2 protein chains.
Amino acid sequence: MKFDPRHLEMLAAIVEAGGLTEGAAMLGKSQPSVSRSIAFLERRIGQRLFEPKRRPLRPTEIGLLLAQEGKRILEAGRAASALADGVARGVAGAVRVAGTPIFMDGVISGVIADFQGRHPNVRIDQSYAYAEEAMEKIAQDLLDLAILPLRPGTLSDEFAFCQILPGRNVIACRTDHPLAGRATLKSTDVVRYPWIAPPANSPLFHDLRAFLDRIDQREMKIGFTGGSLTAVLNVLSGSDSLTVLPFSVVFMLQRRNRIAALPVEIGDPNRHLGILTRRSAKPPMTARRFTEFTMSRFKEIEREIAAAGA
Amino acid sequence: MKFDPRHLEMLAAIVEAGGLTEGAAMLGKSQPSVSRSIAFLERRIGQRLFEPKRRPLRPTEIGLLLAQEGKRILEAGRAASALADGVARGVAGAVRVAGTPIFMDGVISGVIADFQGRHPNVRIDQSYAYAEEAMEKIAQDLLDLAILPLRPGTLSDEFAFCQILPGRNVIACRTDHPLAGRATLKSTDVVRYPWIAPPANSPLFHDLRAFLDRIDQREMKIGFTGGSLTAVLNVLSGSDSLTVLPFSVVFMLQRRNRIAALPVEIGDPNRHLGILTRRSAKPPMTARRFTEFTMSRFKEIEREIAAAGA
DNA sequence: CGAATTTCATAACATGAAGTTATATTGATT
DNA sequence: AATCAATATAACTTCATGTTATGAAATTCG
């Protein structure tokens, strides 16, 4: 005996509402429709589900038991509805976001924390990726969006890129570093100190190489390499090391971690930090929400940077 | 967004089975039917439920979440099916049975205990009633069956009566009662001792009155009245009291409770203990099961009585 | 107790989702 | 690259469910 779950739903609704008419109303159906379906069900299982000749329809023993199962079905259906509505409104579901490690850890993690505070039912699946890999994953729909530095011109039509900050990098050091506070720096100064190298394939590393090429100083002491942002910061604040970091990361961390930026700008001025998405398929509502949230958050950060610079 | 629970079932089946084809098979439906239903559902909620371009169909985030609800629906449906099957086979549900208090407590309670051991999913709703009340309730379908003493001839066509034992009553006393063991008794003997009166409106009481009328002894000392069988037995075994009890009750209890029957038979010899049911409507399977079980049990009891009498 | 009211069942018909088989398409596999 | 298996689509049928209108029965109330 296989039941149509809708029949059990009707049964539960009638029992719960205390009558066929109210039960039908609760389900948004007409009374005769429900009446016929229940009659059909009773004949199919060869059992009365409601006491005969009782006008406020009262369930029999088995009617009550089956109605309990029906109630579970009703509740599962309601849960599913709530879930689907949440997804449609962008307040439930998941967002798959990736970005360069240092930037994700230094800035985006804070944004994610804020976002989760407002949308606790949205899960953020974060991963680390550089531009090439991120674009691949976005194209394969393994990723909803990526937050990373790019030159907008270099992009294929497949992608959309929404810039949020200038992608400039700076040389970072601890606040009481011998070089900190100097108005100008000679290129020979910076190579006297040990360096923390960013990951070998990262944009930061390329920028650093380009910078050293430019000042014709190919010899640098690498004192530390391969660490995450936390490790980099610890080494940075406990030694005279220098490293190259996105300005936004230094800005966000400068108070808490006593990090300073030297007056040297590094990297392509045409490059910007931005949000990379796929242009074609319309993204899930959750991803759109997160994108909007991130952008508004960065507007605030931009203002803070401007205020601090003034 | 209101879901058709069948869609959620399909979703769950596909996810559980690991593919659309197997899922359809699990539900006993054709593959195209399920495919189309899922496609329909995806368009309705505007969300993909399965990753596109994946051949062993794999659920998306939301697909998985909705499938979990679907699983609950599937399980509720399965539970309902098991329940309905149980009821149809008479191994689940309830039986409403009534009978005279002394007889129910003394004999039927043991039968019920046996029955419940074999059918733990059948609930026995027991109540106490004499013939008149029992017939009313059976006619109103508030009762499935009654077990009580009746003269079969007096019955209307509405009822069926299946006799299980002669309905004879005896005078009961404790085994070491002064009268116990005597081969014959004079009527004056029995009125010397205090009596325990059965409930005033019970057949036992009427039989006792008829008996006393017959032996022309209208004066009897009533020492105790109004108690249940347990109380009656306690008084009986702790004093020289006499009372009238169905023979079957005395028989069942004589070993455990040291009760004896005096060689005096009381009551209408044309009356029999039997099972009273309604003839018209076909009874629920559970009631039929219980009736059959009770009758077979009484066949055994009858053999035991015969063996003990020999 | 009978009338009014509520509540459920039935009738008649329309609609459309879901069932079917046959076939095309497209990832996956070797 | 070719084959295989899994899924999607097409075309069509069927039947449960939806509708409104109405009848019947039980409950309530004056």
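Heavy-atom basis, side chains included; hydrogens, waters and symmetry copies ignored. Within every chain, numbering begins at 1; the chains are lettered A, B, ... in the order of the sequence lines, protein sequences first and strands thereafter. All figures in this text were calculated on a predicted structure; none of them were measured in a lab.
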Is any NZ, NE, NH1 or NH2 atom of the basic residue among [X] and [Y] found under 4.0 Å from an Asp or Glu carboxylate oxygen of the other?
X	Y	result
B/Glu69	B/Arg72	yes
A/Arg96	A/Asp144	yes
B/Glu136	B/Arg278	no
A/Arg118	A/Glu292	no

Separation of [X] atom [atom1] from [N] atom [atom2], in whole Å?
X	N	atom1	atom2	result
A/Ile38	C/dT7	CD1	P	18 Å
B/Asp4	C/dA17	CG	P	10 Å
B/Lys2	C/dA17	NZ	C1'	16 Å
B/Arg36	C/dA22	CZ	P	16 Å

Could you go over nucleotides 24-28 of chain C and give all protein N or O partners under 3.5 Å, atom names and distances?
from   : atom 1 : to      : atom 2 : distance (Å)
C/dT26 : O2     : B/Arg55 : NH1    : 2.6

Looking at CG of A/Leu20 and CG of A/Leu11, how far apart are the two atoms once the value is rounded to the nearest 0.5 Å?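 Reported value, rounded in 0.5 Å steps: 10.5 Å.
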What nucleotide, of C/dA22, C/dC8, C/dG19, holds the atom closest to the side chain of A/Leu57?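 The closest nucleotide is C/dC8.
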Which listed nucleotide (C/dC8, C/dT20, C/dA12) is nearest to the side chain of B/Ser33?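 That would be C/dT20.
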Please collect all ring-ring contact (aromatic ring centres under 6.0 Å, His included) contacts where either partner lies in residues 118-161 of chain B, sequence neighbours excluded, each pair once.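 Those involving residues 118-161 of chain B are B/Phe115-B/His119.
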Strand-adjacent residues in residues 18-31 of chain A, judged by heavy atoms under 4.0 Å from DNA chain C: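 Correct list: A/Gly19, A/Leu20, A/Thr21, A/Gln31.
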Would you list the pairs meeting side chain to side chain donor-acceptor pair (under 3.5 Å) in which at least one residue belongs to residues 12-33 of chain B, sequence neighbours left out?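 Residue pairs with at least one partner in residues 12-33 of chain B: B/Glu16-B/Lys71.
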Salt bridge (Lys or Arg N to Asp or Glu O under 4.0 Å) partners of A/Arg48, counting only residues at least two apart: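 Listed in chain order: nothing, the list is empty.
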Pairs of donor and acceptor atoms involving the side chains of residues 78-86 of chain A, under 3.5 Å and at least two apart or interchain, shall be tabulated with distances.
from    : atom 1 : to      : atom 2 : distance (Å)
A/Ser81 : OG     : A/Gly77 : O      : 3.0
A/Ser81 : OG     : B/Met1  : O      : 2.7

Outermost DNA chain D nucleotides near chain A [under 4.0 Å, heavy atoms]: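 Extent of the interface on DNA chain D: D/dT17 to D/dT27.
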I'd like to check the side-chain contact (heavy atoms from CB on, under 4.5 Å) partners of A/Ser127; sequence neighbours left out, ordered by chain and number.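 side-chain contact (heavy atoms from CB on, under 4.5 Å) list for A/Ser127, sorted by chain: A/Ala98, A/Leu143.
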Can you list everything that forms a side-chain contact (heavy atoms from CB on, under 4.5 Å) with A/Ser109? Sequence neighbours excluded, please.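 Testing A/Ser109 for side-chain contact (heavy atoms from CB on, under 4.5 Å), a comparison that skips the adjacent residues, returns none.
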Test of understanding: with side-chain hydrogen bond (donor to acceptor under 3.5 Å, both in side chains), list the residues that count as partners of A/Asn121, not counting sequence neighbours.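 Per chain and number, A/Asn121 pairs via side-chain hydrogen bond (donor to acceptor under 3.5 Å, both in side chains) with no residue.
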Given axes from five pairs at either end, by how many degrees does the helix from C/dC1-D/dG30 to C/dT30-D/dA1 bend, rounded to 10°?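 It works out to 50° between the end axes.
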By ring pair (Phe, Tyr, Trp, His ring centres under 6.0 Å), which residues pair with B/His272, not counting sequence neighbours?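 Expected list: none.
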Contact class for B/Arg6 vs. all strands (heavy atom < 4.0 Å): base, sugar-phosphate, or nothing?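 Contact class for B/Arg6: sugar-phosphate only.
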